[in-house]
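For reference, the structure discussed in these notes is given below.
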Amino acid sequence: MDFDSAMKISASGLTANRTWINVLSANLANVHTTRTPDGQPYQRRTVIYESVPFSENLDDAIGSGFGNDIEKVSVAEITPDKRDLKEIYDPSHPDADAQGMVRMPNISTIEEMANLVNASKSYEANLAAITTAKQLALKALEIGK
Amino acid sequence: MTTPTVFDKTVALMRDRLSLNSQNQKVISGNLANLNTPGYKAKELSFDSVLRQSLEDHVLQMVRTSDKHSTPDDPVSAMQNPETIETGPVDLDHEMVRLSRNSVEYQYIVTMLNKRFSMLLQAINEGGQ
C-alpha cells in the first residue's frame, strides 16, 4: 500500500533526525569535557546520512513494480570530528600541562545550535509528510460513501 | 468511441489520478527524508512535465502530416506508468508546497468521485419513480 510505504519512508527520516539530535545533545553536553575513558578530551561527533533504496516487498526487490528507485534515509555512521582540539591557557585547571595549556573539545556551541535548528526543522518536515499521508489514507476510505 | 457504460472514462481517469497522487506522496516523503543526505538528488514524477508539454503542443496545434512523425507523450499513459526523474538538490519549501498540493488534489478528486457516484445513484433511483 502506497501510503503505508510513504509513512515508512518518512519514519526513516524521523529516526535519522532524532539520531542527529541525540548526537548534537551529546556534543553540547560535553563542550567542556577534558576527560574521557581513553584519557583524551571529548571529541565532537558528526552524523553521516546515506540514502538507501526503499524496498518493502518481493516486487520491489526483484526490480519490477513502481517504487524501487525511491530512497529512504539511514544513518551510515557516527564519526569523530577530525578538527584539532582547542588549546586554552588556564594554569589553575587540573588537566593543564607544564606550560599551563588545557586541551578542550573542538566544539562551537553556535555551530551545534545551528545544526540543532536544522535537525529539528527536518524532523518537523517528515512529521508533516506523515500527517498528510495519514489524512489521505483516511480520505481514501470515504470513496463511495 | 466506445459505448458509455455506468463507470465511464471520467471514473477511470480519476482512479488513475488518485493512484498517481499516492505514488507522488511516496516520492515527496523520500525527498523530505533525504533533506540532509549529501549528494542526494530530489525526485519527481514525470507526469507534470508530460502534461505541460502536451498542453503546449495542443496550444501550438502540432500537425502530424505523416505517421512516421513522432507523437508527443500521452499524458494519460504517463499517468498510468509514471517514471521518476531526478531534478536537483532537495528544496524544503518546494517539497512542502508539493506536499500540500498533492494532498488537496487527492481530497478534491475523492470528493469529485463521490459526487459522480451520487449522480449515478440519483439517476438509478429517481428513474424508477
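Convention: sequence-line order gives letters A, B, ...; per-chain numbering from 1.
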Within residues 28-36 of chain B, contacts to chain A at heavy-atom distances under 4.5 Å involve B:S29, B:G30, B:L32, B:A33, B:N34, B:L35, B:N36
Could you name the residues of residues 91-109 of chain A that have a heavy atom within less than 4.5 Å of a heavy atom in chain B? none
Using a heavy-atom distance cut-off of less than 4.5 Å, which residues of residues 13-34 of chain A contact chain B? A:G13, A:N17, A:W20
Rounded to the nearest 0.5 Å, what's the gap from CD1 on A:I9 to NZ on B:K26? Could you check? 6.0 Å
hydrophobic_cluster_shared for B:L13 and B:L45, side chain cutoff 4.5 Å: yes
Crowded around A:I110 CD1? As in, over 12 foreign heavy atoms under 6.0 Å? no
Name the member of A:A119, A:S12, A:G144 that forms the most heavy-atom pairs with chain B at distances under 4.5 Å. A:G144
Counting only non-hydrogen atoms closer than 4.5 Å, does B:L18 touch chain A with its backbone (N, CA, C, O), its side chain (CB onward), both, or neither? side chain
Using the rule that two of Ile, Leu, Val, Met, Phe, Trp, Tyr join whenever any of their side-chain heavy atoms come within less than 4.5 Å, decide whether A:F3 and B:V104 are in one cluster. yes
Is there a continuous path of hydrophobic side-chain contacts, each under 4.5 Å between heavy atoms, that joins A:V75 to A:V52? no
Does anything in residues 106-118 of chain A form a salt bridge (Lys or Arg N to Asp or Glu O under 4.0 Å)? List the pairs, not counting sequence neighbours. A:R44-A:E111, A:R44-A:E112, A:R83-A:E111
So which of A:S74, A:S10, A:S51 has the biggest tally of heavy-atom pairs under 4.5 Å with chain B? A:S51
Hey, what do you get for CD (B:E86) to CG (A:D69), rounding to the nearest 0.5 Å? 8.5 Å
Nearest 0.5 Å, what's the CD-CD distance between B:Q107 and A:Q135? 5.5 Å
Pick one of side chain, backbone, both or neither for A:A11, based on which atoms fall under 4.5 Å of a heavy atom in chain B. neither
Donor-acceptor pair, distance only, cut-off 3.5 Å: does the side chain of B:Q25 make one with the backbone of A:I130? no
Can you tell which part of B:L92 gets under 4.5 Å to a heavy atom of chain A, answering side chain, backbone, both or neither? side chain
Is it true that, when you exclude A:D84 itself, more than 12 heavy atoms of the residues, nucleotides or ligands shown sit nearer than 6.0 Å to its CG? no
Is there a chain of hydrophobic side chains (I, L, V, M, F, W, Y, each step under 4.5 Å between heavy atoms) that links A:V73 to A:L127? no
Using 0.5 Å steps for rounding, measure from the OH atom of B:Y106 to the NZ atom of A:K139. 10.0 Å
Test of understanding: clusters of I, L, V, M, F, W, Y form through side-chain heavy atoms closer than 4.5 Å, transitively. Do B:V110 and B:Y108 belong to the same one? yes
